[in-house]
Every structure is written in structure tokens, then in C-alpha cells.
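Comments concern the structure below.
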Amino acid sequence: MTAPPPVGTAALPRPALTPEDAARSSDRLRVHNARRQGRRWHLLWLLIGPGILVMLGENDGPSMISYATTGATYGLGFFLPFILVTFAMAVVCQEMAMRVGAVTHRGYGQLVLERFGPLWGWFSAGDLILTNLVTLIAEFVAIRIGLSYFHLGAGVAAALGVVLVGFTLSGGRYWRWERVVLGLAIFNGLFLIAAILVKPNLGAVGHGLLTGSPFPGGGLNTLLLLVASTVGATVTPWMIFFQQSASADKGLTPRDLRHGRYDTIAGAVLAAVFGCGALIAGAALFGHGGSSIQGLAGAGFPGALKLVSGNAAATVFALGLIEAGAVALLTISASTGYAVGECIGTPHSFNNTPRRAALFYGCNVGAALIAAVIILIPGAPLLSIALNANVLATVLLPVALVFLVLLANDRELMGKWVNKASTNWIAIAIVAFISLCGSAYAIDSFLQTVHLIT
């Protein structure tokens with residue numbers, strides 16, 4: 001008689017793989033085969049994605065309008081190298097987010113909830129949802145401004161955005177979603193083409209990049225608004241949520257950290273170049289009524305560019321605004337779905353079916369629908385919404401960054417991949433600088449309001 005197997009060693013049925021696990025296993029097998037065969041370029045192609053997407057996604061409609069407004073208001077000078085500095089800051093922040101996601105395989109919202117409790121977890125999620133809603137409205141505004149150059153109205157902009165979100169969600173795989181959005185993000189380069197078409201003074205561009213001069217004058221409040229808006233155009237809460245969650249969703253591991261850094265740096269370089277392109281294109285309006293921000297909001301940047309630099313530059317800029325708004329619409333909606341799913345504890349992956357991850361997909365589409373409805377309200381101050389979306393991100397960002405730094409220093413979570421001391425000092429300096437920018441604008445605006453009342 002055969003003795004029964006000891007407890008714990010009996011053959012038990014293996015749990016069925018979920019669609020999410022099966023998709024990640026398939027993707028990891030492709031990465032493993034590329035690594036084993038030494039196909040470095042193929043491996044890099046497989047692993048890039050979240051970093052480039054998050055950086056070009058942050059080159060969104062409000063950001064490009066902010067850069068163009070800065071150029072139109074102050075011309076070339078201080079803000080050209082300042083854009084490069086802000087993207088260097090973004091690399092530091094996003095590298096931490098990527099590293100935490102790859103090491104822990106968990107999203108930012110889930111980790112904040114687990115490590116700091118429900119209060120801070122839901123506060124972070126609420127912070128993100130509020131910022132995302134305002135930003136999504138601004139993305140539709142950018143699409144609307146771009147389409148208006150081609151005599152298409154707000155209804156077309158709203159419908160186009162919502163349909164695009166629905167289309168990209170239909171693939172049922174993170175890989176497919178990522179590749180579709182990456183293909184669309186390539187067209188962020190239209191802003192560089194627009195900069196070339198306005199025929200800038202290359203000497204002035206080089207002088208501005210190397211010296212940061214002339215330093216902008218004019219009203220202090222407007223200057224502080226554009227400084228805060230430029231910071232908020234490159235580092236925002238949704239970027240942290242998105243890259244950490246997307247890195248986990250893609251299935252990155254500690255072995256992929258080097259490629260994740262390449263991905264993030266490449267995205268920052270491309271985004272910085274294209275962002276400077278938007279500023280240079282906007283600077284063509286400097287001296288042509290460009291200092292009147294509200295005037296530009298009425299005419300629209302593409303229409304104003306047409307009068308100064310011709311139809312080709314205006315057309316390219318308008319198409320760029322549509323692309324910038326569309327890519328950000330997709331990535332920001334995704335970050336909303338990730339945040340809600342992580343905090344509630346429901347499936348939150350593009351590798352899941354809509355039936356299994358109904359809340360995740362519903363938040364993606366629902367956030368876009370709410371923003372689309374709001375932009376149909378007549379008389380909305382378009383440029384004001386776009387600029388202040390970035391300012392709001394600047395004000396709310398320090399809290400998200402503090403939690404990210406704490407997670408990246410949690411040795412229980414991160415093991416040997418915790419932050420280096422130098423990274424911590426740089427991160428602390430970034431948090432302090434961003435807090436100063438947001439506070440300076442808020443205090444100056446408050447004092448001006450008090451002065452007007454009295």
C-alpha cells in the first residue's frame with residue numbers, strides 16, 4: 001500500500017494564469033530571448049516606452065502653449081536654458097519612479113497606500129485626480145485650438161479625444177497600447193519643424209541657450225506665472241503615477257534598470273528639444289503683439305503665427321497642438337485609471353480585459369468624457385485654463401515627490417536599489433525649488449488680490 005504524500009507536497013492544481021500574467025510572461029520571454037542572443041538594439045526596442053511616453057506626454061497642449069506664450073511674451077533668452085534645467089529635474093524624478101516600479105512591481109498609489117496608510121494613499125490619489133481633471137480639460141483646449149485653425153469646432157475636438165481614448169484601449173495588451181501611443185508621440189517633433197519654419201535668428205537662439213539672457217522684465221506676476229507654468233510643464237504628479245505603474249505593467253525588473261534609464265533620458269532629450277522648438281516658434285510673435293496673452297488666446301496661436309510667419313508654420317504648429325493634446329490625453333487618462341485601481345485594490349492593467357478591469361478602463365474613458373463635456377461650455381477662458389493647469393501641477397507636486405523619495409529610500413522595499421546619497425540631495429533641492437516657485441506665484445497673486453480689494 002502506497003503511503004499518502006506528506007501534507008504540503010501533494011500535487012495541487014496550479015492556479016490558472018490571468019490574462020495580465022500571461023501577457024507579461026509573453027513579453028518577458030521576448031526580452032529574455034533578445035538578451036540571451038545578445039541583440040542589444042532589439043532588447044532596447046523592447047524595453048523602451050514608459051520613459052519616452054511620460055516625457056513626450058508631458059510635452060502636452062498646456063505645456064506647448066505655455067512655452068509658446070513665454071516666447072511670445074519675452075522672446076528668446078532666459079527660458080531657453082531654463083527648459084533644459086527643468087527637464088534635467090524631470091529625469092531625476094522619473095528615474096526614481098521607474099526604479100521603484102521595476103524593483104517592487106507595484107504602482108505609486110498602491111505603495112503609498114501600503115507604506116503610509118489609507119489617509120495619505122487617498123490624499124495622493126485625490127490630488128492626482130483633481131490635477132488630472134484640470135489638465136485633461138486643458139488637453140481638450142489644445143486640441144480645440146489646433147482644430148479651430150482648420151475651421152473645426154469644439155464638438156469635433158471633444159469627439160476626437162474620446163474616440164481616440166476608446167480606440168487605444170481596445171487592444172487588450174499593454175504592449176499594443178504603448179506602441180500606438182508611441183507612434184503618435186513621434187509627431188511631437190512638429191514643434192521643432194515649426195521653429196525652423198519661423199526662420200529664427202540662430203545667433204539669438206545660441207546666445208539665449210549659452211547665457212540665459214536677456215533676462216525677462218515686465219510684470220512680476222506674469223513672470224512668476226510663466227516660471228511656475230514652465231516648471232509644471234515638465235514635472236507633474238501624473239508623470240510619477242504613470243511611469244511607475246507603466247514600468248510595473250510592462251514587467252520591467254531590476255535587470256532592466258539601465259535600459260529604463262536610457263528610455264527616460266532619451267524621452268527627456270527629445271521633449272526638451274521639442275519644447276524649445278515651441279518657445280522659438282512662439283518667439284516669432286515677440287514684438288508683434290505677443291505680450292498680450294489674452295489677445296493671443298482670442299486669435300489663437302496658429303492664427304497669430306500665420307500673420308507673422310506664413311501658413312506652413314501655422315499649420316504645423318496647429319497639428320502639433322492636436323498631437324500634444326492627444327498623447328497627453330491618453331497617458332493622463334491612463335494614470336487616472338492606475339491611481340484609482342491601485343487605491344481601491346481592483347485589477348489595473350492594460351493586460352486585463354475590460355470585463356476583469358472594468359474600473360480601470362472606466363476611469364480611463366470617464367475622465368476623458370468629463371473633460372470633453374466641460375470644454376463644450378461656451379466662453380471658457382482657453383489660455384487661462386491651459387496655463388493654470390501647469391501652475392496647479394507645480395503647487396501640488398512637492399507632496400508627491402516627497403513620498404517618491406521616501407519610497408526610493410525604503411530599504412525593505414528597494415534592497416540594494418535604494419537612492420544614492422547624491423540622488424537624495426538633488427531630489428531635496430528639486431522639491432525645495434518647485435515649492436519656492438509655486439509659493440512665490442501664490443503669494444504674489446494673493447497680495448495683488450488684496451491690493452485690488454483694498
Side-chain angles (χ1 to χ4, degrees), residues 15-24 50 54 57 97-98 100-137 162 165-166 168-174 177-178 236-252 329-373 393 396-397 399-404 406-407 410 413:
L17 282 178
T18 65
E20 177 183 359
D21 293 332
R24 285 180 182 166
V54 80
M98 177 277 300
V100 174
V103 172
T104 66
H105 307 295
R106 283 173 282 180
Y108 175 86
Q110 182 179 350
L111 283 181
V112 171
L113 192 72
E114 290 176 1
R115 308 304 283 188
F116 305 107
L119 175 63
W120 287 114
W122 280 104
F123 175 82
S124 297
D127 175 343
L128 178 80
I129 292 169
L130 172 63
T131 310
N132 279 6
L133 180 58
V134 176
T135 308
L136 285 172
I137 294 169
V162 173
V165 171
T168 55
L169 293 178
S170 62
R173 285 284 297 274
Y174 173 82
W177 179 88
E178 179 188 82
T236 60
W238 78 260
M239 294 171 70
I240 296 171
F241 273 85
F242 175 81
Q243 187 162 5
Q244 184 170 327
S245 298
S247 297
D249 204 0
K250 189 179 178 74
L252 296 184
L329 187 65
L330 299 173
T331 51
I332 294 172
S333 295
S335 74
T336 306
Y338 280 133
V340 174
E342 287 165 7
C343 285
I344 294 179
T346 57
H348 46 274
S349 170
F350 285 107
N351 291 318
N352 280 316
T353 62
R355 177 176 294 181
R356 187 167 185 272
L359 184 63
F360 171 73
Y361 284 94
C363 287
N364 267 268
V365 177
L369 272 173
I370 293 171
V373 169
L396 296 178
L397 177 62
V399 175
L401 280 180
V402 168
F403 282 126
L404 178 62
L406 291 174
L407 291 173
D410 189 330
L413 279 175

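These values consider heavy atoms only, across backbone and side chains, with no hydrogens, waters or symmetry-generated copies.
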All heavy atoms of Pro50 vs all of Phe242, minimum pair found to be O-CE2, 4.1 Å

Got a donor-acceptor contact below 3.5 angstrom from the Asn351 side chain to the Tyr174 backbone?
-> yes

Determine whether a donor-acceptor pair (N or O, by modelled atom type, separation under 3.5 Å) exists between the side chain of Asn364 and the backbone of Val165. no

- Query: So, does Gln244 use its side chain to make a donor-acceptor pair with the main chain of Arg106 at under 3.5 Å?
  - Reply: yes

Scanning both residues in full, the closest heavy-atom pair of Leu136 with Ala368 reads CD1-N, 4.4 Å

Correct closest heavy-atom pair for Ala334 and Trp177 would be CB-CZ2, 3.9 Å

**Item:** Ring centre gap for Phe123 and Trp120 strictly below 6.0 Å
**Value:** yes

- Task: Evaluate the side-chain proximity of Ser245 to Glu342: yes if any heavy-atom separation is below 4.5 Å, no if none is.
- Result: yes

One should read off an interatomic distance between Trp238 CH2 and Asn132 CG, to the nearest 0.5 angstrom, of 8.5 Å

Taking every heavy atom of Leu113 against every heavy atom of Gly121, the minimum-distance pair comes out as CD1-CA, 3.9 Å

### Task
For the residue pair Asp249 and Tyr338, establish whether any side-chain heavy-atom pair is separated by less than 4.5 Å.
yes

- Would Leu397 and Thr131 satisfy side-chain contact (heavy atoms from CB on, under 4.5 Å), going step by step from the backbone distance to the final call? CA-CA 10 Å; Leu397 177 62; Thr131 310; over 6 Å; no

**Prompt:** Between the side chain of Tyr108 and the main-chain N/O of Phe403, is any donor-acceptor distance below 3.5 Å?
**Reply:** no

Which of Leu128, Thr236, Thr135 passes side-chain contact (heavy atoms from CB on, under 4.5 Å) with Ile332? It is Thr135

When rounded to the nearest 0.5 Å, the distance separating CG of Leu404 from CD1 of Ile240 is 5.0 Å

Shortest non-hydrogen pair, Cys343 vs Gly109, comes out as SG-O, 4.3 Å

Taken in chain and number order and not counting sequence neighbours, the residues that satisfy side-chain contact (heavy atoms from CB on, under 4.5 Å) with Ile344 are Trp122, Val340, Thr346, Leu359

Could you go step by step and tell me if Leu407 and Phe116 meet the side-chain contact (heavy atoms from CB on, under 4.5 Å) rule? CA-CA 10 Å; Leu407 291 173; Phe116 305 107; 3.8 Å; yes

message: Go through it in stages, so that I can follow the logic: the residues are Val54 and Thr331, the test is side-chain contact (heavy atoms from CB on, under 4.5 Å), and I'd like the CA-CA distance, side-chain angles, deciding distance and then a yes or no.
response: CA-CA 7 Å; Val54 80; Thr331 51; over 6 Å; no

- Message: When you compare the side chain of Met239 with that of Ser335, does any pair of heavy atoms fall below 4.5 Å?
- Response: no

In short, Phe241 meets Ser124 closest at the heavy-atom pair CZ-O, 3.8 Å

